[in-house]
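Side chains included, hydrogens not; waters and symmetry mates left out as well; all remaining heavy atoms used.
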There are 2 protein chains.
Amino acid sequence: MFIELDLQSETPIYAQLVDQLIEGIASGELKPGDPLPSVRRLAEDLGINLHTVNKSYNLLKQEGFLQVHRKKGVIVQPDGMPGVTEAFEEKLRQQLRSLAAAAAVRGMSEEAFTQESRSVYRNTITNRGGEQR
Amino acid sequence: MFIELDLQSETPIYAQLVDQLIEGIASGELKPGDPLPSVRRLAEDLGINLHTVNKSYNLLKQEGFLQVHRKKGVIVQPDGMPGVTEAFEEKLRQQLRSLAAAAAVRGMSEEAFTQESRSVYRNTITNRGGEQR
DNA sequence: TATCTGTTATATTACATGTATAACACATAT
DNA sequence: ATATGTGTTATACATGTAATATAACAGATA
């Protein structure tokens, strides 16, 4: 599992980590039941603090993407991922609204925006990391 | 121009304001050359501080969506909006990647995600809750 | 002259982020 | 049993951001 953090980014480290773990699950690189590194191990590997990793893990646990087993440690949710809840749809729409408006103002067409969304979705669930085009 | 702020939201007030002004421009509710309220006026109307409005205006000015005229005050960019820059495309893709992964993990199909994007784009550039213009 | 504009400066409060130690209960391997 | 590793919790500290509060300035306006 590749994880690349940008310590200069305005996006918090714990949020970058959450994003990349979700992308790992979406891409199939992380499968249900797979173990994740311990908070101390991953923190050391990434050169960050234990509590920052713990915060990410807890957020993912709270959303139902991870489980914590006293025996197996932290694993990817093996009993089915959370579905498309009303809360998620609302958040998705709100974020898309912001992106769509910024795109439209800059002259990006409906088709271009829609195709970009489709393209990103495809790259998300298949390829990872590499550049293309 | 309706502006609704959620003071309880985790999204900063200045960012909500930036978003809604861009949506106003995208929808056509705000047209190039249109004047915006003064920082003091808008701050008072919204019940927030002058500097918060000023921060939003400055961000929008810096991105090229607003102009500040010594005579006309703050107006919507009359000389053509910024286009689809490389920096914007990169930011758009990064945000879409996060959304697409979260959607995919929850079982949202490519088609559903794509159609949601298209739908939101359409609602953005057309009518906004019964405005006349 | 008095008022309004954006702008700048300073100060303060509150909160988020990230780090740093330390300790706890539980499980596991030697 | 002892040592080690696990997630978890508590406390503390430094830094930066967000938001507010006053105050002042230069330029435009009525």
### Message
Name the residue from B:Met81, B:Lys31, B:Gln20, B:Gln77 that meets the side chain to side chain contact (heavy atoms under 4.5 Å, CB included) definition with B:Ile25.
### Response
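Only one of B:Met81, B:Lys31, B:Gln20, B:Gln77 forms a side chain to side chain contact (heavy atoms under 4.5 Å, CB included) with B:Ile25, namely B:Met81.
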#### Entry: For A:Met108 against B:Tyr121, the heavy-atom pair lying closest together
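Reported closest heavy-atom pair: O-OH, 2.5 Å.
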### Message
So which atom in B:Ser109 and which in B:Ala112 form the shortest heavy-atom distance, rounded to 0.1 Å?
### Response
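Shortest heavy-atom contact: OG-N, 3.0 Å.
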Figure out the [atom1]/[atom2] separation between [X] and [N], and round it to whole Å.
| X | N | atom1 | atom2 | answer |
| --- | --- | --- | --- | --- |
| B:Leu50 | C:dT10 | CG | P | 17 Å |
| A:Gln67 | D:dG7 | CD | C1' | 14 Å |
| B:Leu36 | C:dT5 | CG | P | 13 Å |
| B:Glu44 | D:dA19 | CD | P | 19 Å |
| B:Gln8 | C:dC15 | CD | P | 12 Å |
| A:Leu59 | D:dG7 | CG | C1' | 15 Å |
| B:His69 | C:dT5 | NE2 | C1' | 14 Å |
| A:Glu10 | C:dA16 | CD | C1' | 14 Å |

Where the side chain of [X] is defined as all heavy atoms beyond and including C-beta, which of [options] is the nearest nucleotide?
| X | options | result |
| --- | --- | --- |
| B:Lys61 | C:dT5, D:dT8, C:dT7 | C:dT7 |
| B:Arg40 | C:dT5, C:dG18, D:dT8 | C:dT5 |
| A:Tyr14 | C:dG18, D:dT20, D:dT8 | C:dG18 |
| A:Asn49 | C:dA20, D:dA18, C:dT7 | C:dA20 |
| A:Asn54 | C:dT19, D:dT9, C:dT17 | D:dT9 |

N or O in side chain of [X] less than 4.0 angstrom from [N] OP1/OP2:
| X | N | answer |
| --- | --- | --- |
| B:Ser38 | C:dT5 | yes |
| A:Lys55 | C:dG18 | no |
| A:Thr52 | C:dT17 | no |

### Query
Which residue, A:Lys71 or A:Leu7, contacts DNA chain C at a nucleotide closer to its 5' end, judged by nearest heavy atom?
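Final value for this comparison: A:Leu7.
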### Query
Does CD in B:Gln115 sit with more than 12 non-hydrogen atoms of other residues, nucleotides or ligands closer than 6.0 Å?
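More than 12 within 6.0 Å, yes.
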### Message
Students often get this wrong, so: under 4.0 angstrom with heavy atoms, is B:Tyr57 touching a base, only sugar-phosphate, or nothing?
### Response
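Nothing, no heavy atom under 4.0 Å.
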### Message
Taking any heavy-atom pair under 4.0 Å as a contact, classify A:Lys72: base, sugar-phosphate, or nothing.
### Response
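No contact at all - A:Lys72 keeps every heavy atom at 4.0 Å or more from the nucleic acid.
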### Task
Determine whether any donor atom in the side chain of B:His51 lies under 3.5 Å from an acceptor atom in the base of C:dA9, or the reverse, and answer yes or no.
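Result: at least one qualifying N/O pair found.
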### Message
Any side-chain to backbone donor/acceptor pair from B:Ser98 onto B:Gln95? Under 3.5 Å, distance only.
### Response
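Answer holds: no.
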